[in-house]
2 protein chains.
Amino acid sequence: MTPRSPRPRDRGIPEATVARLPVYLRALQGMAERGTLTVSSEDLASIAGVNSAKLRKDLSHLGSYGTRGVGYDVDYLVYQISRELGLTQDWTVAIAGVGNLGRALANYGGFGTRGFRIAALFDADRRVVGDEVAGLVVRHIDTLEDVVGSEGVSIGVIATPAVSAQGVCDRFVEAGVTSVLNFAPVVLNVPPAVDVRKVDLSIELQILAFHEQRKADGQAPPEAGWIDATEKT
Amino acid sequence: MTPRSPRPRDRGIPEATVARLPVYLRALQGMAERGTLTVSSEDLASIAGVNSAKLRKDLSHLGSYGTRGVGYDVDYLVYQISRELGLTQDWTVAIAGVGNLGRALANYGGFGTRGFRIAALFDADRRVVGDEVAGLVVRHIDTLEDVVGSEGVSIGVIATPAVSAQGVCDRFVEAGVTSVLNFAPVVLNVPPAVDVRKVDLSIELQILAFHEQRKADGQAPPEAGWIDATEKT
DNA sequence: ACGCCCTTGTGAAAGTACGCACAAAGTAGG
DNA sequence: CCTACTTTGTGCGTACTTTCACAAGGGCGT
C-alpha cells in the first residue's frame, strides 16, 4: 500500500532537478557577492544556461520561494537550495590516491564554497606518504579504516589507478562510507545502500568525438564512406 | 514535413545511448585483452552496470551485430563501437591550464586507449611555460591561435581557473575548435555550432550530499526537523 | 535434417523530462 | 481603490528513456 507517505511535503525531487541545483546555487552565490538582491527566473536561467520554465519548475519543487512580479530573493534562495542539497551541514570527505588528480581535488579551494571538509588523504605509495598536500599529511592507505572511523568520513573520493579502485572502494564501504565519488575508469560494485557517482575524463572526450564526427559527416560529401567490414573476419 | 530523411540508415542515435557506449567499449576492451571471444548481453550488461535490455537496445542502434543464441563477438563489437564513436580516426586535443588538473589530464595515459592525441599544453603563468609535462613543452597561452591552427586541434580542454575559462574558450572557438571539454566551474557561452561538455567536481559532491542527507533523514526520527526560516527577513 | 534451447532484437507500456503558454498573484502608479 | 504591468507557478502536450516480455533467428546435438 503506502498510498500517501506521512511526510508533510512530497520530498520527491527529480534527479534531473537535483543535478541542476548546484548550478543555480553557484550562479546565485556569484550574484550575492556582487550585491544583487533579487533575480528573475529569466535572468537566472540565462546565466545558468537553461530554459526559464525549467528553472521555475525546478525551484517549485523546493517550495514557492519567489514573488510574482518581482522574482526571487537571492540570499533566501541561496539558503533554500543549500539546505535542500544538505550543504548547511558539513560533510567529511576522504580522498584516496594522491597523484595529480588527487592533488587537484585536495587543492580545489572551498570545495563548492563550504559544506565539505577534507579530513584525510591516502596513498599506497610510501614515497608519497608523509608529504604535506593542501595542509594535510598524506597517510598510508592501510590506516583507512581507522581514520574513516575516527573522523566520521561519509564521502569517499577515489582518485587511484583503475586497478586499485574496487579494492579501495570495498575498504571505504566496509569502514562505513555511504557515498563514493569515483574518478577511476572502472564500474564499481557496491551494496545498494551506497551511492556512487562517476566522473570519467575519457568518456567525456569520447562523447565529444562522436559529435565531432557527426559534424564532419554532415559537411563532407556523402561519397567517401567508411571502410565497412561486412565480413566478420 | 521532412517525413523521412534521405539518409540510408537512420543515424539518430539517442544521446543517452551515446553516453553509455564508452562504458561498453571499455568493458569490451578489457575482455578482449583477457582473450574472451564472445559475450552475451546479460554478461556485458552486468559488467557495465546496466540492464541487459537497455544494452541490447543501445547496441541495436548501431546495427545487428549480435548472433542469436550466442552473443556478440568481442573484437567485432569493439571495432563497431569505436567506429561509431569516431575513435578510428585520431582527434587532436589541446589542454589549457597546466595546474594539477591539467597535469593529471596530460598524464592520463592512452587517453581512452588511443583515439586522442594531445598536441599542446597552454598556460598563462610564465613560471610554468617551458616546463616539460607528459613529454610536451608547455606553451604560453598567447600562442594558442597559432598552435591550434597549425596542429589542427579540434577539441579544446579547459583546466584553467574559473575566471579565465570564458576567455580561453572564446580564443579556442575563434581559432576553430568546435568541441570543448570544460573543467572550470562556470557555464561557458559558445556559438550553437560548438559542443561543450562540462565536468564539475564540486557539483558531483553536492549531488552526493543531497542523497546522503536523504538517507540520514529516513533513518532519524521525524522530530528534529530543520530550523525553517518562515520569514523572509 | 530435425528439433531443442539459447540469446538477440524490438513492439508496446510505463515512467521521466521538457517547454509552451497562460492563469494566478503580486507590485506600482494614479 | 482600481488599472496596468510584471513575473511566478503549473497544466498539458510532446518527446525521450527505460523496462518488460516475447517472437524471430541461429547454433548444436542427435
Side-chain angles (χ1 to χ4, degrees), chain A residues 2 9-21 23-24 28 31 36-74 76-77 80-81 84 207 210-211 231-233, chain B residues 1-3 5 9-21 23-24 28 31 36-74 76-77 80-81 84 192 207 210-211 231-233:
Chain A
T2 64
R9 299 170 189 171
D10 184 357
R11 285 302 219 76
I13 298 180
E15 221 16 67
T17 295
V18 173
R20 283 186 295 265
L21 289 179
V23 179
Y24 305 153
L28 287 163
M31 302 184 94
T36 311
L37 296 180
T38 62
V39 65
S40 70
S41 63
E42 199 72 50
D43 291 350
L44 181 53
S46 129
I47 292 171
V50 300
N51 177 299
S52 71
K54 179 152 61 179
L55 171 66
R56 288 198 297 277
K57 191 158 286 186
D58 282 344
L59 294 183
S60 77
H61 285 112
L62 315 189
S64 283
Y65 296 142
T67 306
R68 294 171 196 232
V70 177
Y72 300 88
D73 181 290
V74 172
Y76 188 61
L77 203 48
Q80 290 298 344
I81 295 178
E84 197 63 49
I207 296 171
F210 172 83
H211 292 296
E231 203 83 45
K232 283 217 249 175
T233 310
Chain B
M1 297 302 164
T2 63
S5 74
R9 299 172 192 172
D10 183 357
R11 286 304 219 77
I13 298 181
E15 235 352 85
T17 295
V18 173
R20 283 186 295 264
L21 289 179
V23 179
Y24 305 153
L28 286 163
M31 303 183 94
T36 310
L37 296 180
T38 61
V39 64
S40 69
S41 63
E42 198 73 49
D43 290 350
L44 181 53
S46 128
I47 293 171
V50 301
N51 178 299
S52 71
K54 179 152 59 178
L55 171 69
R56 288 197 298 276
K57 189 153 284 186
D58 282 343
L59 294 183
S60 77
H61 286 112
L62 314 190
S64 283
Y65 296 142
T67 307
R68 294 170 195 235
V70 177
Y72 300 89
D73 182 292
V74 172
Y76 188 60
L77 204 48
Q80 290 298 344
I81 295 179
E84 196 63 49
I207 296 171
F210 172 82
H211 293 296
E231 203 83 45
K232 284 217 256 176
T233 311

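Atoms considered below: every heavy atom in the structure, side chains included; atoms not considered: hydrogens, waters and symmetry mates. By convention in this document, chain letters (A, B, ...) are assigned in the order of the sequence lines, proteins followed by strands, and residues within each chain are numbered from 1. The structure displayed is predicted, hence computed values, not measured ones.
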Quiz item: Start at the 5' end of DNA chain D and walk down; is the nucleotide closest to Val70(A) or to Ser60(A) reached first?
Solution: Val70(A)
Quiz item: In Å and rounded to the nearest 0.5 Å, what is the CG to CG distance from Leu28(B) to Leu44(B)?
Solution: 5.0 Å
Quiz item: Between dT8(D) and Ser41(A), is there an OP1 or OP2 to side-chain N/O distance shorter than 4.0 Å?
Solution: yes
Practice problem: Compare side-chain N and O positions of Lys54(A) against OP1 and OP2 of dG19(C) and report whether any pair is under 4.0 Å apart. | Solution: yes
Quiz item: Nearest-Å distance, CG (Leu77(A)) to C1' (dT8(D))?
Solution: 13 Å
Practice problem: List the steps and the verdict of side chain to side chain contact (heavy atoms under 4.5 Å, CB included) for Gln80(A) and Leu59(A). | Solution: CA-CA 10 Å; Gln80(A) 290 298 344; Leu59(A) 294 183; over 6 Å; no
Exercise. Measure from CD on Glu42(B) to C1' on dT19(D) and round the result to the nearest Å.
Key: 13 Å
Quiz prompt | Nucleotide dG9(C), atom C1' - distance to NE2 of His61(B) in whole Å | solution = 11 Å
Quiz item: Between dA17(C), dT8(C), dT17(D), which nucleotide has the shortest distance from any of its atoms to the side chain of Ser40(B)?
Solution: dT8(C)
Self-check item: Pair Tyr76(B) and Tyr65(B), ring centroids less than 6.0 Å apart
Solution: yes
Self-check item: Arg56(B) CZ to dG25(D) C1', straight-line distance once rounded to whole Å
Solution: 14 Å
Quiz item: To the side chain of Lys57(B), which of dC18(C), dG9(D), dG11(C) is closest?
Solution: dG11(C)
Self-check item: Residue closer to the 5' end of DNA chain C, Val39(B) versus Glu15(A) (nearest nucleotide)
Solution: Val39(B)
Quiz item: Asp58(A) and Thr17(A): side-chain donor and acceptor closer than 3.5 Å?
Solution: yes
Practice problem: Give the rounded distance in Å between these two atoms: CG of Asp58(A) and P of dG9(D). | Solution: 12 Å
Quiz item: What integer distance in Å separates Leu55(A):CG from dG9(D):P?
Solution: 10 Å
Exercise. Check for a donor-acceptor pair, side chain of Ser40(B) on one end and backbone N or O of Asp43(B) on the other, with a separation under 3.5 Å.
Key: yes
Exercise. Check whether any side-chain nitrogen or oxygen of Tyr72(A) sits under 4.0 Å from OP1 or OP2 of dG9(D), and answer yes or no.
Key: yes
Practice problem: Rounded off to whole Å, could you give me the CG-to-P distance for the Leu62(B) and dT10(C) pair? | Solution: 12 Å
Quiz item: Please give, in whole Å, the distance from dC18(C) P to Leu59(A) CG?
Solution: 14 Å
Self-check item: Selection from dA12(C), dA25(C), dG26(D) that lies nearest to any side-chain heavy atom of Arg68(A)
Solution: dA25(C)
Quiz item: Hey, does the side chain of Asn51(B) come within less than 4.0 Å of dC20(D)'s phosphate (OP1/OP2), counting only N and O?
Solution: yes
Quiz prompt | First of Arg20(A) and Ala53(B) reached from the 5' end of DNA chain C, by closest nucleotide | solution = Ala53(B)
